[in-house]
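Computed from a predicted structure; not experimentally measured.
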Amino acid sequence: MSAVTTTAPVVAPEVSTQVRRRRRLSPGRRLPAARLVGPVLLLAVWSAASAAGRLDPAAIPAPWTVVRTGAHLWTAGTLPTDILTSLERAGYGFAIGLVAGVALALAAGLSRVGEALIDGTVNLNRAIPTLGLIPLFILWLGIGESFKVAIIAIVVYIPIYLNTHAALAGIDHRFVELAEVQGLSRFAFVRQIVIPGALPGFFVGLRLGVTGSWLGLVVLEQINATSGLGYMMFQAQNYGQSDVILVGLVVYGVFGLVSDSAVRLIERRVLSWRRTLSS
């Protein structure tokens, strides 16, 4: 009788392959309404401090007091008038500054002669405090609306010019050589090479210009003005009405945030072909 030997099947050792997990270095997915988190948190801290009595109501009124004051000014008709006046001044100055900044940047970025004539002058203007030009512009244009619009235009055109010109100067020269090899016309070169290359810098300057128009307006509307948010705040200062001043600041802040968000939205739509860290 022969013994039957059973041998267990030999299992080949598994070859373990270590899959290296890729580390995410990007900021991650964009959060919805992320830019509202900061203002909402600030409002919550302000409300909590006011409710706890940590803030002097005469110096920093509570948020609900500011809301009541704003509602009263709106129903009285003064706040809508002041807002429309400020929007009109900011709009005229911004439009002039936008056109001037883009035109000067293109002239300086596409021509050595234009760069020699324009770039140094604009940088000299940038080195001079814009609000320091107010007395001179009052002598030139009078103390009416013209000098206010002109100062806002200067505040706007400088960042638009600087960022657009820097973007133009940063276009890779290989694209220029490719356009020359392809025999593109001047117009086609500007449309297909210059404009796409300059748009990222232009939008940065546009955001700075939008913010600058509101910052300049705060000061300008306190000089020989009879309406506007700055005038309203200046009058409130004379009477110690801190709640009215805060209403004006909140309106300025809302307009600045909304206009900046609008520019960001347009930028994302226009430059949707780019893959950047923020996207």
* If you look at every heavy atom in G197 and A167, which pair is closest and at what distance? -> O-CB, 3.9 Å

* Asked: Does CZ belonging to F189 count more than 12 external heavy atoms closer than 6.0 Å?
  -> yes

* V102 versus F202: any side-chain heavy-atom pair under 4.5 Å? -> yes

* Structure fact -> Minimal heavy-atom distance between A179 and I193, with the atoms involved, is CB-CG1, 4.4 Å

* Asked: Would V219 end up clustered with I83 when hydrophobic side chains under 4.5 Å apart are linked, directly or stepwise?
  -> yes

* Derivation and outcome, side chain to side chain contact (heavy atoms under 4.5 Å, CB included), residues L265 and S261 -> CA-CA 6 Å; L265 178 62; S261 299; over 6 Å; no

* Asked: Quick one: does V66's side chain get under 4.5 Å of W46's, heavy atoms only?
  -> yes

* Is D82 reaching over with its side chain to a backbone N or O of G228, donor-acceptor style, under 3.5 angstrom? -> yes

* Asked: Has the side chain of S213 got a donor or acceptor atom that lies under 3.5 Å from a matching backbone atom of V210?
  -> yes

* Asked: Can you find a heavy atom in the side chain of S50 that is under 4.5 Å from one in the side chain of W64?
  -> yes

* Measure the shortest side-chain to side-chain distance between Y239 and V244 over non-hydrogen atoms and say whether it is less than 4.5 angstrom. => no

* Asked: For G205 and I160, which heavy atoms make the closest approach, and how far apart are they?
  -> O-CG1, 3.5 Å

* Measure up the Y161 and H165 rings against each other and bin them: parallel (under 30°), tilted (30 to 60°), perpendicular (over 60°). => parallel

* Tell me whether I195 is reachable from L98 by hopping between hydrophobic residues (I, L, V, M, F, W, Y) whose side-chain heavy atoms are closer than 4.5 Å. => yes

* Whether S111 side chain and A108 backbone form a donor-acceptor pair below 3.5 Å -> no

* Asked: Is the F255-W214 ring centre distance short of 6.0 angstrom?
  -> yes

* Would the number of heavy atoms belonging to other residues, nucleotides or ligands and lying under 6.0 Å from OH of Y92 be above 12? -> no

* So if you build clusters from Ile, Leu, Val, Met, Phe, Trp, Tyr with side-chain heavy-atom gaps below 4.5 Å, do I151 and I128 land together? -> yes

* Asked: Between the side chain of K148 and the main-chain N/O of I223, is any donor-acceptor distance below 3.5 Å?
  -> yes

* To do: List the steps and the verdict of side chain to side chain contact (heavy atoms under 4.5 Å, CB included) for H173 and E177.
  => CA-CA 6 Å; H173 195 267; E177 295 175 348; 3.2 Å; yes

* Structure fact -> Correct closest heavy-atom pair for A153 and I96 would be CB-CG2, 3.9 Å

* **Chi angles and distances behind the side chain to side chain contact (heavy atoms under 4.5 Å, CB included) call for M232, L79** => CA-CA 8 Å; M232 180 189 74; L79 187 58; 4.1 Å; yes

* Is it true that a side-chain atom of D260 and a backbone atom of G256 form a donor plus acceptor pair closer than 3.5 Å? -> no

* **T81 versus G77, closest heavy-atom pair with distance** => OG1-O, 3.0 Å

* Taking C-beta and beyond as the side chain, do F203 and I266 meet within less than 4.5 Å on heavy atoms? -> yes

* Asked: Are any side-chain N or O atoms of S86 and backbone N or O atoms of L229, one a donor and one an acceptor, separated by less than 3.5 Å?
  -> yes

* Are L162 and N123 close enough that some pair of their side-chain heavy atoms sits under 4.5 Å apart? -> yes

* To do: Determine yes or no for a side-chain-to-main-chain donor-acceptor pair under 3.5 angstrom, with Y252 supplying the side chain and G230 the backbone.
  => yes

* Asked: Can you hop from F147 to L139 via hydrophobic side chains spaced under 4.5 Å?
  -> no

* Asked: Would you say I171 and V270 are hydrophobically clustered, going by side-chain heavy atoms of ILVMFWY under 4.5 Å?
  -> yes

* Asked: With a 4.5 Å heavy-atom cut-off, do T121 and I118 have their side chains touching?
  -> no

* Asked: Would you find a donor on one side and an acceptor on the other, under 3.5 Å apart, between the side chain of D119 and the backbone of E115?
  -> no

* Judged by atom type as modelled, is there a donor-acceptor pair below 3.5 Å linking the side chain of T164 to the main-chain atoms of G201? -> no

* Asked: So does R89 pair up with E221, basic N to acidic O under 4.0 Å?
  -> yes

* Asked: Would you call Y157 and I152 a side-chain contact if the rule is heavy atoms closer than 4.5 Å?
  -> no

* Non-hydrogen atoms of L271 and P200 that approach each other most closely -> CD1-CA, 3.9 Å

* Under a 4.0 Å N-O cut-off, is there an ion pair linking R264 with E267? -> no

* Can you list the steps and then say if N125 with L133 is a side chain to side chain contact (heavy atoms under 4.5 Å, CB included)? -> CA-CA 10 Å; N125 190 2; L133 297 173; 4.1 Å; yes

* Asked: Between T78 and L73, is there a donor-acceptor pair closer than 3.5 Å when you use the side chain of the first and the backbone of the second?
  -> yes

